[in-house]
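Presented below is the structure to which this report refers.
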Amino acid sequence: MIDVKNLEKSFEGHQVLKGISEHISKGEKVAIIGPSGSGKSTFLRCLNLLEEPTGGTITFEGVDITDPKNDINKLRARMGMVFQQFNLFPHMTVKQNITLAPVKLKLMTKSQADKKARELLERVGLPDKANAYPKQLSGGQQQRIAIARALAMNPDVMLFDEPTSALDPEMVGEVLEIMKELADEGMTMVVVTHEMGFARSVATRVLFMDGGVIAEQNDPETFFTHPQNPRLKEFLSKVL
Amino acid sequence: MNFTQLYEQFSALEDPGFWQQSYMNFYRAWFEGNRWQQYLEGLCTTVLVTILALCIGVVLGIVVAVIRTGHDQQRKGRHNPILAVLNLICKVYVTVIRGTPMMVQLLIMGFVVFKSSRNFTLVGALSLGINSGAYVAEIIRGGLMSLDPGQAEAGRSLGLGYLDTMRHIVVPQAFKAILPALGNEFITLLKDTSLISVVAGKEIVYFAQAIVSRTYEAMWPYLITAAMYLILVLIFTWLQGKLERRLRASDRR
């Protein structure tokens, strides 16, 4: 589904990603962990071109998204993204947040989108918040809305950029619960996270990034019980 | 007893006191020969020029701001040469307008560029609009840049294009943020209309000066002028406050 070849990204001379090649198949739930500054968020943001790679190619469903000739907006519409800071639109109600893109991109009519929004709000457990503004909601509720907003586009893959890092500890659970349900339904997911428990129980594969490369990857069981890379061993000993 | 009778009564006095003299000066500045009509005519021109200049300024400002931010936010490897030229023009425009005094711009527009035009008021409105556009552009650009980039990223990640993201997500929020600065600029613009008298634009100051040259008494005509501007600004500030409260609806917790 997503095929990454020799991905490189530099910020003004500082190389953050040093040639990453990775394949993510349909239905996989890939967790990416690693110390801060290791490039894991940059890697994720490259996948939908929020960061422009400086080298290498990314192919999504057979289309090279790094080729400027391809319409990135069409491709992004099929990739949902959830941000650390939620990034809900504060000047719109919850319902407007969810229905904006599907309606503007003419994927749904207004009434279809409203219906979809109601279903999604039901699904994330906030059916009564349709007309609330984001600032009236808690962080956990906002992040659940952000997930609903991404799902409204019926994406083929969901990208999560540290979705629980900006939340109060007591709200982490409710967001992870939604993500777990999503995983159980078969959604392809790429999750940058610090939640080791989540990575272990939900992911089908865990990647460890360090210094701009994928230093180690494995199925979650082996990954956490028999780490090989010394940096990973050290990292796990600190966070577990 | 009406104003005229009172005036005639005071004029007959051999040695009028301070207040009586003041009243007579005021009478000459306001009532005599129905001069108040001239102030009101000037006031209408001022309002008209302000509205015209405002429209020109806002349109110019938006165009320049969109071109400049659009140019700065292009995807790498996708530089549009037309946009680069437009951006350069916008930069020169903003630099020249901000770097020269309003008065000098008016003089150049009135006596050089539109030397043969007799429509002084329109020339004045055009100059003010062009001037205001540069400031409005910078205010808008500041507002667009001050917004959390995550907002635009969220819009783009949903598949919305650059213009849709601007229109539905960035601009509405930026507008709320820049409203105080924009209001400030509009008040400056409103007051700067007084300068168009130098190119014979017939607004309040133009008439006030004419009246001074008739009555040889400057205090009242200029105080009246000041009061009129003050009232206009107060009305505008009140409207702006109303708008700001309305836009704050989504801030309620």
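Throughout, protein chains are lettered first and strands after them, A, B, ... in sequence-line order, and every chain is numbered starting at 1. Any value given below was found using the heavy atoms of this structure, including those in side chains, with hydrogens, waters and symmetry copies removed.
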So A/Arg45 and B/Glu153, side-chain contact (heavy atoms from CB on, under 4.5 Å) or not? Walk me through it. CA-CA 10 Å; A/Arg45 288 162 56 85; B/Glu153 283 179 359; 2.6 Å; yes
Any donor-acceptor pair under 3.5 Å from B/Gln151 side chain to A/Leu88 backbone: yes
Which residue in the set A/Arg76, A/Arg149, A/Lys104 passes side-chain contact (heavy atoms from CB on, under 4.5 Å) when paired with B/Leu158? A/Arg149
So, A/His91 side chain and B/His168 main chain: donor-acceptor pair closer than 3.5 Å or not? yes
Chain B: which of A/Ala146, A/Gly80, A/Ala101 shares the most heavy-atom pairs with it under 4.5 Å? A/Ala101
Under 4.5 Å to a heavy atom of chain B? For A/Phe89 that would be both
Looking only at the side chains, is there a donor atom on one of A/Asn73 and B/Arg156 sitting less than 3.5 Å from an acceptor on the other? yes
Drop me the distance from B/Ser157's OG to A/Asp161's CG, to the nearest 0.5 angstrom. 11.0 Å
Is the number of heavy atoms from other residues, nucleotides or ligands under 6.0 Å of B/Leu234 CG greater than 12? yes
Any side-chain to backbone donor/acceptor pair from A/Asn87 onto B/Gly150? Under 3.5 Å, distance only. yes
Contacting moiety of A/Met79, where chain B heavy atoms sit under 4.5 Å: backbone
Heaviest contributor of heavy-atom pairs below 4.5 Å to chain B, chosen from A/Thr93, A/Val82, A/Leu100, A/Leu159, is A/Leu100
